[in-house]
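For the single chain, residues carry numbers from 1 onward in sequence order.
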Amino acid sequence: MARYDIKSDMRYLQLLSRSFPTIAEASAEVINLQSIMYLPKGTEHFLADLHGEYEAFQHVLKNASGNIKRKVNEIFGNTLREIEKRELCTLIYYPEQKLEIVKSKEEDINDWYHITIHQLVSVCRDVSSKYTRSKVRKSLPEDFSYIIQELLHERTDDANKAAYVNVIIETIISTGRADDFIIAICNVIQRLSIDQLHILGDIYDRGPGAHLILDMMKRYDRWDITWGNHDILWMGACAGNKACICNVIRLSLRYTNLGTLEDGYGINLVPLATFAMETYGDDPCLEFQPSLSGGASNIDEKTIRLTALMHKAISIIQFKEEAKIYERHPEWGMNDREILKFIDYEKGSIHLNDNDYPLLSSHFPTVNPDNPNALTPEEEALMDKLSHSFLVSEKLHKHVKMLLQHGCMYSIFNNNLLFHASVPINEDGSLKEVEIYPGRKYAGKDLMHFIGMMIRSAFQNDTEEKERKYAIDYFLYLWCGKDSPLFDKSKMATFERYFLKEKETHTEEKGNYFKYRDDAHIVDRILDSFGITGENRHIINGHVPVHVMSGENPIKADGKLMVIDGGFSQAYHKETGIAGYTLVYHSRGFELVQHEPFTSTADAIQRGTDIKSTIQIVEMSNRRMLVADTDKGDELQKQIEDLKELLYAYRHGFIKEQERKK
């Protein structure tokens, strides 16, 4: 019999006994947990760099990266025609909309209901098979919980139960609840098809629906995010960093994507439009013409013109606001990015990298050559108004709170290290120490941890004022600082891309992580530093789009590192040749799902079009992985050991059994 050091654990066991006050209850829980250990591992989905592409992201979640379609093919095989399987999949993805179409065309709707409900129950039974009945029950809608449970656990191939099942379905139809039931079971299939969703950063910018993505995530329980540089930019804006506010607005104007700002968060840009027209009304602003890719291709010339004026106005203010922060923090070594100081306003040129370059435009009506970083009174007033809009946006603050609750700088799940961009390393491949507060230097895991703490401190009122202000300023360094784990480049050449034609000035040299991430030895060194052991361990990140058209492989370092930024954003489609990746980690191993561009939700509903996906087998296990093989299994094993210790305490009189209060 096992012996335990009961005395040292007595306080904990007394607390545990409140939840399991009898031997019978503690034993039952041990049996329950032990059985869960032998269920198949749940399916994890990893996505990166969503960049506001709400419709495509929503569709990927609804079809579980093609997993639901594969399930339908496996279950029904040749018993259904391809068009029937496609119709069934579309119904599962978009039940409300598809039902309306079916009811307008179907002659015998009751017969369709009967057949379809049987099919949906078969799919739901399959996707729920790797979960406990308790977990499935918790995912069911209250109205239909009992009915769905009965249908899932009774089979029509049992002659004694066939009539029972058929009567349940007939009654659902005859009582007028068929539509509601179909919608409910379709949503259950969607939820159970993804056990855990990992987002590797950059929900924001470029696309129009970042706020819609976060609204959608409210409905999901098991998801997490490792913050990306664009998420940090919006978080900084929410915290009141004016340089971040300018960058957020500038990028929204650059990609003619004002939906998230104006419609999503109620940010009032009228003062900026008024200021831009008054200040830059005679300026062609050719360098600030917005990108018209994707859904922005149909805007009129007048809107394009106004967007360009606003784009230039906020960019000039951005350079000034950034310079003010760099002046406050010389320890960052970014004074060379106080870019307006290096312009010769008479000659219309700039001195950079020991060279003089002519500017494409030298119209700077708000810049004082003697004090170029100073805002004019009008710019000051404008920034006060814009800052106020960000600080009082209730929905923005709710969404940032979600990012804080579900997010961090890095995560470790089942021997996989997740982060958005990089871990700064030196030229020799060793971990690089980075100063994140005067006198405090950290590297690797410690660096990521302390940056995460600093980010949270910016939103906590009990943080000491000096540290809180520093944390708010530090959002800018995380966005564009040389040694930022979210940037890790020599510079952010925003000014150069707008004002200089010489391409060499646009170059942003990548840090050593990106140079060496195909080196298995360096990847092992990083994994070691984060305390991740074992043979099957990986780094998974995004940030830099994989150029599939150029032959780049997302699997690097002998399979130890996976880059899953395939270009969700429409702005990247021509560059990458695809429309994003999903990395799927199920009980058999890793699969990388490569998506082609998504047409539209309307097409998916009306014509049954789906995201065409190509599956690449990354790494398969020689046996099916169980819950026992996962982090969850380790956690359950510890709970089992604790409960066994409690049983020992009961049986040897250290703790008395109690009757549960009714």
Side-chain angles (χ1 to χ4, degrees), residues 29-48 61 64-65 67 70-71 126-139 190-200 220-226 406-419 445 448 523-524 526-541 555 559-562 564 581-593 615 617-644:
E29 184 65 5
V30 170
I31 295 167
N32 175 50
L33 296 179
Q34 195 71 57
S35 62
I36 291 173
M37 297 275 276
Y38 287 89
L39 286 171
K41 172 193 176 299
T43 302
E44 299 172 77
H45 286 235
F46 303 79
L47 294 99
L61 284 195
S65 303
N67 190 48
R70 289 193 291 276
K71 292 286 186 185
D126 188 278
V127 299
S128 65
S129 62
K130 62 169 61 176
Y131 303 115
T132 64
R133 289 193 179 190
S134 173
K135 184 168 182 177
V136 173
R137 185 170 60 249
K138 290 174 183 176
S139 72
Q190 290 179 31
R191 282 197 296 272
L192 293 178
S193 296
I194 299 176
D195 186 48
Q196 181 81 31
L197 175 65
H198 307 290
I199 300 175
L200 274 72
Y220 286 80
D221 295 323
R222 295 176 60 80
W223 71 278
D224 53 84
I225 179 171
T226 49
H406 290 267
C408 51
M409 284 292 294
Y410 77 96
S411 298
I412 300 172
F413 290 95
N414 298 322
N415 274 12
N416 298 310
L417 173 60
L418 282 53
F419 53 83
K445 183 178 180 179
M448 296 292 214
V523 170
D524 276 333
I526 294 171
L527 288 165
D528 288 342
S529 73
F530 279 82
I532 302 172
T533 59
E535 293 183 7
N536 297 316
R537 56 181 188 168
H538 312 87
I539 291 175
I540 306 172
N541 55 245
I555 312 302
K560 295 180 179 181
L561 188 146
M562 309 177 203
I564 62 168
Y581 289 116
T582 304
L583 183 67
V584 180
Y585 186 26
H586 48 63
S587 59
R588 300 292 185 184
F590 281 101
E591 292 179 346
L592 189 68
V593 183
I615 297 175
I617 304 299
V618 178
E619 182 179 290
M620 299 304 284
S621 175
N622 55 10
R623 66 173 179 83
R624 194 171 195 187
M625 285 176 282
L626 306 175
V627 171
D629 301 312
T630 67
D631 295 342
K632 181 65 175 176
D634 293 340
E635 181 185 325
L636 293 179
Q637 188 59 49
K638 291 174 184 175
Q639 292 178 29
I640 290 169
E641 293 303 318
D642 290 341
L643 286 164
K644 286 181 177 179

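Of the N and O atoms on the side chains of Glu535 and Asn415, not one donor lies less than 3.5 Å from an acceptor on the other residue.
Here Thr43 contributes atom OG1 and Ile194 contributes atom CD1; the two are 9.0 Å apart, rounded to the nearest 0.5 Å. Considering NE2 of His586 and OG of Ser621, their distance stands at 10.5 Å, rounded to 0.5 Å. Of the inter-residue distances, the one linking Asp642 atom CG with Lys644 atom NZ reads 11.5 Å to the nearest 0.5 angstrom.
Ion pairing between a basic and an acidic side chain is recognised when a charged N comes within 4.0 Å of a carboxylate O; Asp629 and Lys41 show no such pairing. Arg537 and Asp528 are joined by a salt bridge, as a carboxylate oxygen and a charged side-chain nitrogen come within less than 4.0 angstrom of each other. Electrostatic pairing of Lys632 and Glu635 counts as a salt bridge here, judged by a charged N lying under 4.0 Å from a carboxylate O.
Relative ring orientation between Tyr585 and Phe46 is described as tilted, the plane-to-plane angle lying within the 30° to 60° band. A tilted orientation is assigned to the rings of Phe413 and His198, their planes being inclined by 30° to 60°.
A donor-acceptor pair under 3.5 Å is formed between the side chain of Asp631 and the backbone N or O of Asn414. No side-chain donor-acceptor contact under 3.5 Å links His538 to the backbone of Ile540. For Arg222 (side chain) and Asp195 (main-chain N/O), a donor-acceptor pair under 3.5 Å exists by modelled atom type. Side-chain N or O atoms of Thr630 include one that pairs as donor or acceptor with a backbone N or O of Gly633 at under 3.5 Å.
Taking the side chain as every heavy atom from C-beta outward, Met562 and Leu592 never approach each other to under 4.5 Å.
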